[in-house]
Structure formats: C-alpha cells, structure tokens
Amino acid sequence: MKVMPDNFLWGASHSAYQYEGAAQEDGKKLSQMDVNNYNTGFSDASVASDGYHRFREDIALMKECGFTAHRFSFSWSRVFPDGVGNVNPEGIQFYDEFIDELLKNGIEPLPTLYHYDMPMALVDKYGGWIDRQSVDDFTAYAKFMINRYKDKIKHWITVNEQSIIVEFWTKKNYIPEEYLQNPQIKYQINHHMNLAQAKACKLVHELVKDGKAGAAIGYSPIYGLDSSPKNMLAMLNAEDLKNHFFLDIYFKGQYPKGAMSYLKEKNIAPTILEGDMDVIKEGYSDFLGVNYYASKCVKYPDESLTEIIDAKSNLSGKKGDMGAYELMPDFYQYLKNPRAETNDWDWTVDPTGMEYLLRDIYQRYEIPMIITENGYGAHDVLTEDERVHDDYRIDYWKTHLKSVYCAMELGVEVFGFLPWSFVDVLSTSNGYNKRYGMVYVNREDKELLDLKRIKKDSFYWYQNVIKTRGACLFEE
Ligand code: BG6
C-alpha cells in the first residue's frame, strides 16, 4: 500500500501578522506589514483571524484533524516592540502559551523567526533591512527566541521567502521614498538577510541539542516557453537568478557565478564585505522549507523598443514590480505558460511542478525538505447550512500530495507537509477575498462578523489523509 512514513509530519502553516491580529495589543507595536496593509484597499492586519484570542480553539481543531506539527511565525515586534531593547512580557507570554498548547495536544511546533514583519521601529530608525545594523538586531532577537524555546523546539525556520521579498521588494518591505528608484536595494536587503539567516542557523546549531535549521523559500520551477535554444537559455538564466541565487547560499555558501555576473554588469549587485561569505558558510542549513504554489514560464527577451523601455522601468522598481511578467533585459522574460491552467487569481495550477521541483532540488543539493506552504486561494462560499464545499482545494492538495509521494518514491527526502493554511488568514495581496484555509473564518474582508470557525469539506478530507497516512489519495 502507498503510505507516507510513520514519522512524516502532518499539519499546516500560518504567519503571525496574517493570523494573530491584536496588532497593537498588550504592548505589541506595529510591524512593517501592519503598516503596508493599511494601504492595500483590502482588510488590514489589525484583527486578521483573531488568533491572538482564539488560538486554543484553533489548536483543538488541529488536534481533531490529526495534526502532528504546525508551522507559525513569531512576531518580532510583539516580543521586542522596538525591535531591540526590552522584552515585552505579555508578548512572550503569548508564545509560551501558544507553544505549550501545541505540545499539550501532541503537535510539534515549527516556528519561523521572520515572515515579512520587520518592526516598524527599526524601519523608522534606519530603514529596516536596508541597513546592516538589521543583521545584528535580528541576531539578538533570534538568540533570545532560540534560547527561550531550545528545550521545546527542534526544527527552526529562519526566514520566510527571501525570493519573494526580492521579487516584490516594495510590497514585502516598507521602503522609504528615497530608495524606491534604486533596484540595487533589493539585492542588498537580501544579502543582509542571508547574513541574518546564517547567523540564526549557527545559533540553532550551538544552542539546541540536535537542533535543525533552514529557511523556507518561495519556489517556482521555471520552464522555458519551448525547446528553442534561446528560450532554454532564458530558463537557465532565470533558474540562476530566481532559484539558485537563494539555494546556493543556503547549501553551498556562495552566490551562483552567472547570476552575480549579470547583476554586476547591470550595477545592481549587493555590496559584500570581507568576511561576509565566511559567515554565510558557517551558518549552513540542514533542510529546506519549500513553499510551492505555482510554476513559472520564461522566454528569451525580444529586443523590441517597448520591451527595452519596460525593462528599464522594471529595473528601476517603478513598473513590472509585481513580478508576474518580470523582464530582466538580455536574461529572461516571464510570460503566461500557454500550456498550464490557472486559478481565479491567475496563478498556475501545476501539480507536476511539485514533483519536478523536489527532484530538481534534490538532484542539485541532496538535502531533506519539508513542504512549508502549498495552497489554493479562492473566493469560498459559505452555504446557508454553514458548509464550504471547496472541492477545488481538495483537488489541488490531492494532486500536489501525490506528486510529493512520487518524488519520495524516487528517493527524495521529504519529511512533512504543512500546507497554507489551517484557518483562513489574511492574504498578503487580497485580504479575506482570497481564502486558503481548511477552516472558514466567519468574517468579510471589511466586516468582522463573529469570526466563528467553520470546518470546510477540505478539513474532513485532510483528516482522512492524515488518518490513512496518505493511502486514501490513491483509492478510487
Ligand atoms: C506565500 C507567503 O508567499 O504565499 C504567505 O509566505 C502568503 O504569507 C501566501 O499568504 C499566499 O499569497 P497571497 O498573496 O495569496 O496571500
């Protein structure tokens, strides 16, 4: 019978600012994501899913579903409201209680130290990740958290989605006005994060007995539009800059040479100080968290005038910043994959991409992986009898999980599946109009309602998957 291994971790994921709410309660101060979300036109993060007040109820539901693990993130500005200095006792008490509640219910906590939410105090002080001081301040915060929970937590996720932070740099960072025209900043921010995440990995190795550390990367396999040699070259270029640029750092301790030469030629490479690469090498990663939603497609850029203009504005960060149709002059150009299906939000639905990326990454680095995000954003409908028939989400997870299984059959090490998300959380781009959860949160985007939790069809489906360790995926 096809089943996942006994010790395979089953659960889901959320991040602090998208789940907790209580954005300025009990001593917490604002993070850059609290502030960025005030201007999206969608709901902000002030209440979100109200997890700060309802986490016990949510964890009881996780237990009912059969979870053995759960990924969440710490809010830096709940613990250190000013980013540095005094610890907020009520903030840390919240995480003490959250972690103890998971453990009491037999659920392994997998925290992420950083999920987009730099304390606003540090953005105001020196621009956040733009300044190298952020590395030391992050390290001090990470050291405090790792020490506090070193006896309770084995797997530590350092930074969420550096790849997405670079691609959507003005959305995932609060960038002061004067830097908006300077695309070098996004690679500099990323370099500081590389140092910070390496230091956090090293701290886990030093402080946690048998501790394991790694980042969670937002990863899309990149396909060439067709078999034309130029388009295949564009695929290699994009793989180098969008994927290896991050994974080579985590697992080889270096930047890929091709991508770095390209950035240098365009004058947008990060400044690297003496000793930086040693710090990065020392802070090696033990595993990779994979956040997979959709694959991407590229072609070699045409040299038409329009595209050159587009490319210039893209590099200056003004236009094309949404990334979906990103164009890097002389390197690659994203485009819609004519052979792939998309969801309501124009994201490719590509379950084969899951097997492809797991095998590809494993061939390159031979490291253990855990799926730290995977999910289907949709306009869910709550029926009058309080049900949500999200068969599209079940279908998405079913086909993606089967792909994980296929990769594992070929020897790829995957030790867990933590999809996005358990309860509905605030979408980074579309508030509560776009839902991912297997448990419905009764609120509208702008109206709070009673925030009641309602199990969707996908909850019952996932419960059975966990119970049968995946065997039911292959029935029928
Ligand atoms: C991942 C992020 O990139 O995608 C999550 O880690 C995010 O924070 C998820 O919610 C889905 O993206 P969105 O924009 O649809 O919420």
Side-chain angles (χ1 to χ4, degrees), residues 15-18 23 30-45 73 76-77 83 114-134 138 159-194 196 217-218 220 238 241-242 245-246 259 263 266-271 291 293-294 296 309-329 331-334 345-347 377 426-431 434:
S15 83
Y17 87 92
Q18 294 174 274
L30 295 177
S31 78
Q32 64 182 8
M33 293 320 281
D34 296 322
V35 175
N36 276 2
N37 272 277
Y38 286 140
N39 304 318
T40 57
F42 293 99
S43 169
D44 61 39
S73 76
W76 182 351
S77 64
Y114 183 78
H115 196 117
Y116 304 153
D117 52 354
M118 164 68 75
M120 203 55 205
L122 298 183
V123 177
D124 292 337
K125 196 166 159 190
Y126 50 64
W129 288 108
I130 290 171
D131 195 291
R132 257 183 102 90
Q133 181 58 38
S134 57
F138 173 85
V159 175
N160 184 63
E161 296 197 337
Q162 281 179 246
S163 49
I164 302 295
I165 291 169
V166 169
E167 192 163 315
F168 300 94
W169 62 296
T170 60
K171 309 249 169 350
K172 308 294 182 201
N173 293 285
Y174 188 92
I175 306 284
E177 189 73 31
E178 67 266 31
Y179 294 108
L180 282 174
Q181 306 303 319
N182 178 3
Q184 188 270 351
I185 288 295
K186 60 179 166 181
Y187 295 104
Q188 197 60 48
I189 284 173
N190 180 58
H191 183 65
H192 294 157
M193 284 186 167
N194 284 337
I217 192 77
S220 296
L241 189 59
K242 308 303 288 187
F245 194 67
F246 304 95
L263 295 182
K266 302 285 174 204
N267 288 320
I268 51 176
T271 304
N291 296 356
Y293 292 85
K296 294 216 160 127
I309 291 167
D310 261 3
K312 282 196 183 133
S313 48
N314 179 269
L315 280 179
S316 73
K318 273 187 274 171
K319 197 169 155 247
D321 187 36
M322 282 310 290
Y325 300 101
E326 185 181 63
L327 189 157
M328 297 304 275
F331 218 44
Y332 63 80
Q333 176 177 4
Y334 279 168
W345 306 90
D346 218 17
W347 290 26
L426 178 75
S427 153
T428 65
S429 45
N430 304 92
K434 189 184 193 186

Test side chain to side chain contact (heavy atoms under 4.5 Å, CB included) on H115 and Q18 and set out the steps. CA-CA 10 Å; H115 196 117; Q18 294 174 274; 3.5 Å; yes
Angle between ring planes, Y17 versus Y116, binned at 30° and 60°: parallel, tilted or perpendicular?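 It falls in the tilted class, 30° to 60°.
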How are the rings of F138 and W129 set relative to one another: parallel (under 30°), tilted (30 to 60°) or perpendicular (over 60°)?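 Plane angle between 30° and 60°, so tilted.
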Is [X] reaching over with its side chain to a backbone N or O of [Y], donor-acceptor style, under 3.5 angstrom?
{"X": "S220", "Y": "A294", "answer": "yes"}
{"X": "D34", "Y": "S31", "answer": "yes"}
{"X": "S43", "Y": "G431", "answer": "no"}

Minimal non-hydrogen separation, [X] against [Y], with atom names:
{"X": "G128", "Y": "S134", "result": "O-CB, 3.6 Å"}
{"X": "V159", "Y": "M193", "result": "CG1-SD, 4.3 Å"}
{"X": "A23", "Y": "A45", "result": "CB-O, 4.0 Å"}
{"X": "M33", "Y": "K172", "result": "SD-O, 4.1 Å"}
{"X": "K266", "Y": "P329", "result": "CE-O, 3.9 Å"}
{"X": "Q162", "Y": "N190", "result": "NE2-OD1, 2.7 Å"}

Please name all residues satisfying side-chain hydrogen bond (donor to acceptor under 3.5 Å, both in side chains) with D117, sequence neighbours left out, ordered by chain then number.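 In terms of side-chain hydrogen bond (donor to acceptor under 3.5 Å, both in side chains), with neighbours along the sequence ignored, D117 is linked to no residue.
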Measuring from atom [atom1] of [X] to atom [atom2] of [Y], what distance do you get when rounded to the nearest 0.5 angstrom?
{"X": "W169", "Y": "I164", "atom1": "CH2", "atom2": "CD1", "value": "16.0 Å"}
{"X": "K242", "Y": "I217", "atom1": "NZ", "atom2": "CD1", "value": "10.5 Å"}
{"X": "K186", "Y": "F168", "atom1": "NZ", "atom2": "CZ", "value": "10.5 Å"}
{"X": "I185", "Y": "T170", "atom1": "CD1", "atom2": "OG1", "value": "13.0 Å"}
{"X": "E167", "Y": "Y334", "atom1": "CD", "atom2": "OH", "value": "4.5 Å"}
{"X": "N173", "Y": "Y179", "atom1": "CG", "atom2": "OH", "value": "12.5 Å"}

Side chains of [X] and [Y]: closer than 4.5 Å at any heavy-atom pair?
{"X": "L122", "Y": "D131", "value": "no"}
{"X": "T271", "Y": "Q184", "value": "yes"}
{"X": "N194", "Y": "P270", "value": "no"}
{"X": "F42", "Y": "K434", "value": "no"}
{"X": "N291", "Y": "N160", "value": "yes"}
{"X": "M118", "Y": "Y174", "value": "no"}
{"X": "I189", "Y": "V166", "value": "no"}
{"X": "I130", "Y": "Q188", "value": "no"}

Other residues, nucleotides, ligands: >12 heavy atoms within 6.0 Å of Y187 OH: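 Yes, enclosed.
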In this structure, are over 12 heavy atoms from other groups packed under 6.0 Å from F245 atom CZ?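 It does: F245 CZ has more than 12 such atoms within range.
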Do S429 and K171 have side-chain N/O donor and acceptor atoms under 3.5 Å apart?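 Distance-only check fails for S429 and K171.
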